[in-house]
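Accompanying notes for the structure given below.
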Amino acid sequence: MKFMNNIKETDSLLVISSYPSRNKKYKNMTGGIAWHTQKTLKWMKKAMPELNVKVIANIFNKPEAYVDEDGINVQRKWKINSLKGLFSIAKEIVKSKSNKILFPFEFFIVGNLIYLPIYIGLIYLSKIIGKDVTLIFHNVVSDIGVFEHNKAKAFIFNNLRSAFYNLIMFPCENVIVFEQSMKEHLGDSDKISVIALAVEPKKIIDKSIAKKKLGLDANKKYLLYFGFLSLYKGIDDLLQIWDKNTGYELIIAGGENPAYASDAFYQEFIEKIKKLAKEKGAIMTGFVPDDMVDYYYNACEAVILPYKTFMSSSGPLSLAFSYNKPVLLSNVLSEYFKSNDIKYSLANSGLKNEDIIFNINSKSFRSRLTKLEGNIEKYVAFSKSVFIKRQWESLSLDYCALIFNQYAKLKLVNVELKPLVVTVS
């Protein structure tokens, strides 16, 4: 895939975001925003090779500055839960010559909620000094109670939710969300654009080889929960309804979320999960390094997302699409089916919403497993179809068009879709 463009050398973008470490030493401290920011900028640079990009990123060990393998200027200036770090970001915004600035957003991007008002202040500062601000909402929360155990705080936020989102969107030129439902939750404003959470081709490994690598029983079938053990992701609910006699084994592949490492309530939650997993015979892996992700996805029959709330496009779900794996989703995630590419893929596969969605009770879950067992090829077809529609090559153009108005300049030629999978035997 090649791009033709007339980008000026002065075109530049300042990005305020967490960002993966270059030596992968701190992978267990890197969340979805860091991963998505890196991929987004990589593909924008492919579309606009002369674009200058600077990321003001989080510090893992000590401040550092370097240009990564994709040509992105990374300057690590701030730490999680640091007031000093937020002022460092402010200084970088003020002295930057770029008039375009990108803020990926989720509630805990810079630490605990007490730092959130200051972070929002940085967005307003950018607007005041003349920057064009693009905001990416990685989640849109309708009920903060699923991860805020302080009932008073949850009550206040839930009643001020609409005002809060309007406040943060007001200074922004553009707002990006990943699903149509997220846009509707925000009021369907004209400044909000839907750009799907993109996917990449992944290795397809023979299931028996993957199981052997992981030390799993070759004769057993496995269902996969993947990702951080977060309060809102419903792994506790899934374990509560899990029946050892389903004919499947459950793998819980993911570790503790470092953002909550010092939270006593969260640690109680983790202990509860460990206890339930032991009682139900589930396999807990802890943090999964990058080089092992292929094996867990390829070893399983399907990926389960038992989330308690819909507030974002899920990274583990996107990975399931990349590996062409069947998915089963809790009923709150039916919101996904408002997005056009999901609706198309569902109809094209011969499935209905209710074939994929389950209620959090044993009867409903068993019913979906039975449906999956007899129609596995339809579930695979659904994931393959979504995968094709959510390629980075095309979605990167949407980012360029929105931030730099470059559709008139960028022309996609010699389009060659990557192969869906790379087979490893």
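All values derive from a computational prediction rather than experimental measurement.
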Evaluate the ring pair (Phe, Tyr, Trp, His ring centres under 6.0 Å) criterion for residues His185 and Tyr165: first the C-alpha distance (whole Å), next the side-chain angles of each, then the deciding distance (0.1 Å), finally the verdict.
CA-CA 10 Å; His185 282 304; Tyr165 281 117; 9.5 Å; no

Does the gap between the ring centers of Tyr307 and Tyr232 come in under 6.0 Å?
yes

4.5 Å side-chain heavy-atom contact, Ile251 and Thr285:
yes

Would a line drawn from the ring center of Trp43 to the ring center of His36 be shorter than 6.0 Å?
no

Assess the residue pair Ile176 and Thr134 against the criterion (side-chain contact (heavy atoms from CB on, under 4.5 Å)); give the C-alpha distance rounded to whole Å, side-chain angles, the decisive distance to 0.1 Å, and a yes or no.
CA-CA 8 Å; Ile176 297 171; Thr134 297; 3.8 Å; yes

Could you walk me through whether Leu14 and Lys100 pass the side-chain contact (heavy atoms from CB on, under 4.5 Å) test, one step at a time?
CA-CA 6 Å; Leu14 181 68; Lys100 304 287 186 180; over 6 Å; no

Please tell me whether Tyr323 and Tyr297 form a close aromatic pair, meaning their ring centres lie under 6.0 Å apart.
yes

Donor-acceptor under 3.5 Å (Lys244 side chain, Glu279 main chain):
yes

Provide the closest heavy-atom pair for Ser364 versus Asn361 in the form atom of the first, atom of the second, distance.
N-OD1, 2.7 Å

Nearest 0.5 Å please: distance from the NZ atom of Lys274 over to the CD1 atom of Ile270.
7.0 Å

Partner of Glu301 by salt bridge (Lys or Arg N to Asp or Glu O under 4.0 Å), out of Lys325, Lys207, Lys220, Lys221:
Lys207

Do Ser339 and Gln180 have side-chain N/O donor and acceptor atoms under 3.5 Å apart?
no

One should read off an interatomic distance between Asn375 CG and Ser349 OG, to the nearest 0.5 angstrom, of 10.0 Å

Rounded distance [0.5 Å steps], NZ in Lys343 versus CG in Asn353
10.0 Å

Option among Phe105, Phe164, Phe103 that satisfies the ring-ring contact (aromatic ring centres under 6.0 Å, His included) test with Phe137:
Phe105

State yes or no: are the ring centers of Tyr336 and Phe310 separated by less than 6.0 Å?
yes

Just wondering, do Lys42 and Asp68 contact through their side chains at under 4.5 Å, heavy atoms?
no

To the nearest 0.5 Å, tell me how far Gln75 CD sits from Ser88 OG.
11.5 Å

Heavy-atom side-chain proximity of Ile136 to Ile33 below 4.5 angstrom
no

Please lay out, stage by stage, how Asp294 and Lys202 fare under the test salt bridge (charged side-chain N to carboxylate O under 4.0 Å, His left out).
CA-CA 7 Å; Asp294 290 337; Lys202 296 295 182 180; 5.8 Å; no

Asp341 bridged to Arg390 by N-O distance under 4.0 Å
yes

